[in-house]
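Quick note: numbers below take in every heavy atom, side chains included, and nothing from hydrogens, waters or symmetry partners. None of the values given here were measured: they were computed from a predicted structure. In each ligand, atom 1 is the first atom listed, and ligand 1 is the first ligand listed.
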Amino acid sequence: MPCFGDKKRVVIKVGSSTLAYPQTGSLNIRKSRALVEVLADLKNSGKEIVFVTSGAQAVGAAKCGFREKPRDIPSKQACAAIGQSELMKFYSECFEQYNHKVAQLLLTRDVISNATRRTNVINTFNRLFELSVVPIINANDVVSIKQLDFDENDTLSAIVATLCEADLLVMLTDVDGLYDGDPSKEGSKLISKVDKINMDIISLAKGAGSALGSGGMLTKIEAAQIATEAGIDTVIIGNRDPKLLYELFETDCARCTWFKAEH
Ligand code: GLU
């Protein structure tokens, strides 16, 4: 495992199961605050941070008093609209404590297929980097519907990493990385390095996501494939303690899975 200290532009993706309490869907203030503190500090160390956040639907559903994330599309869209503004208010205030400015970018999949939109997003990213602002990204769940667009943010984070020509993509999740078996079973080992994502690797990644999130290990591997094929090193790391992110940049022994960039 290399030390990633020399990586400057870093995309960090955090899912609903990290940001919200599974029992209620409400924001986990302690963890989210701790995460923002680490991101702000990494930015202070000279890195350009791009933050891909989920949690809009979960937080919006909790605010509406729903016991779980709704399944019908209009309710999902409404919850995303309600939760997204909550999230941004929180992030904006937290980053502000460390004197950092944030910007909200809500993306749909046509940023890949539509050349004009793609250029517009890239130009926005570049200007935000010049202005030293932290771009905060989510899918635009209000205008997108499941079958057509980003249903989870793993793929979105890989697309974002390619659009802003990131040096590193980091996805946080509730396990330490990719295991060679069921991570909850004794004897399963963490795979620390993947040179090439092939069918063997994909078959290890089976299994559904959490109750709150929409992705799982499979969507993370697919995201890693998009990013590594674009030449971007990718890491899957545990979400237990946001301070673990420091180990990626300060040591060569972070507990995680590193997917090596292809070129
Ligand atoms: N855009 C969705 C949200 O913010 C992502 C859902 C997820 O991946 O958990 O709720």
Side-chain angles (χ1 to χ4, degrees), residues 11-29 31-32 35-36 50-92 102-112 121 134-161 163 169-175 205 207-224 226-227 234 236-239:
V11 174
I12 296 176
K13 185 264 166 181
V14 184
S16 306
S17 59
T18 306
L19 297 164
Y21 282 105
Q23 302 83 350
T24 61
S26 292
L27 193 67
N28 183 330
I29 295 172
K31 214 170 190 181
S32 304
L35 175 72
V36 170
V50 178
F51 179 27
V52 179
T53 179
S54 301
Q57 291 175 36
V59 168
K63 194 163 188 195
C64 290
F66 298 149
R67 290 175 65 94
E68 53 186 38
K69 245 168 75 167
R71 287 174 214 277
D72 68 289
I73 289 174
S75 302
K76 279 185 171 198
Q77 289 167 318
C79 287
I82 295 162
Q84 181 65 27
S85 58
E86 283 284 301
L87 285 179
M88 284 312 295
K89 179 169 172 271
F90 178 82
Y91 293 141
S92 179
V102 300
Q104 170 183 260
L105 286 80
L106 300 178
L107 303 183
T108 45
R109 208 175 257 275
D110 55 8
V111 293
I112 319 165
V121 175
V134 178
I136 301 184
I137 326 290
N138 198 350
N140 192 339
D141 293 320
V142 169
V143 300
S144 61
I145 59 168
K146 185 178 174 186
Q147 287 79 0
L148 296 181
D149 226 287
F150 297 116
D151 184 36
E152 38 69 32
N153 279 1
D154 297 325
T155 315
L156 172 64
S157 70
I159 304 293
V160 163
L163 288 174
L169 167 63
V170 181
M171 290 178 274
L172 273 71
T173 189
D174 38 21
V175 286
S210 63
L212 278 181
S214 310
M217 192 49 79
L218 194 55
T219 55
K220 286 182 182 56
I221 302 297
E222 284 164 3
I226 294 170
T234 301
I236 298 177
I237 190 167
N239 62 10

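- N153 CG to N138 CG: the interatomic distance, rounded to the nearest 0.5 Å, is 4.5 Å.
- Nearest heavy-atom pair across A205 and I221 is CB-CG1, 3.4 Å.
- Of all atoms in ligand 1, listed by their number and element, those nearer than 4.0 Å to a heavy atom of S54 are 4 (O), 5 (C), 7 (C), 8 (O), 9 (O).
- Taking only nitrogen or oxygen atoms, main chain and side chain alike, A58 does not reach within less than 3.5 Å of ligand 1.
- Side-chain contact check for S54 versus E152: every heavy-atom pair is 4.5 Å or farther apart.
- By the 3.5 Å distance cut-off applied to N or O atoms, Q57 is counted among the residues near ligand 1.
- For a threshold of 3.5 Å applied to N or O pairs, the pair formed by T53 and ligand 1 contains no separation below that value.
- Residues D154 and E222 form no side-chain contact, since every pair of their non-hydrogen atoms from C-beta on lies 4.5 Å or further apart.
- Per-residue contacts place S16 under 4.0 angstrom from the following atoms of ligand 1 (heavy atoms of the residue considered): 7 (C), 9 (O).
- Residue contacts with ligand 1, taken as heavy atom pairs separated by less than 4.0 Å, involve N153 via backbone and side-chain atoms alike.
- Below 4.0 Å from some heavy atom of D141 lie the following atoms of ligand 1, by number and element: 1 (N), 2 (C), 3 (C), 4 (O).
- An N or O contact shorter than 3.5 Å links G55 to ligand 1 by distance.
- Heavy atoms of N138 found under 4.0 angstrom from ligand 1 belong exclusively to the side chain.
- With sequence neighbours excluded, the residues that form a side chain to side chain donor-acceptor pair (under 3.5 Å) with R71 are E68.
- Using a 4.0 angstrom heavy-atom cutoff, G15 does not count as in contact with ligand 1.
- Counting non-hydrogen atoms of other residues, nucleotides and ligands closer than 6.0 Å to NZ of K63 gives a total of 12 or fewer.
- Tested against T18 for a side-chain hydrogen bond (donor to acceptor under 3.5 Å, both in side chains), the candidates T53, N239, D174, T173 yield a single pass: N239.
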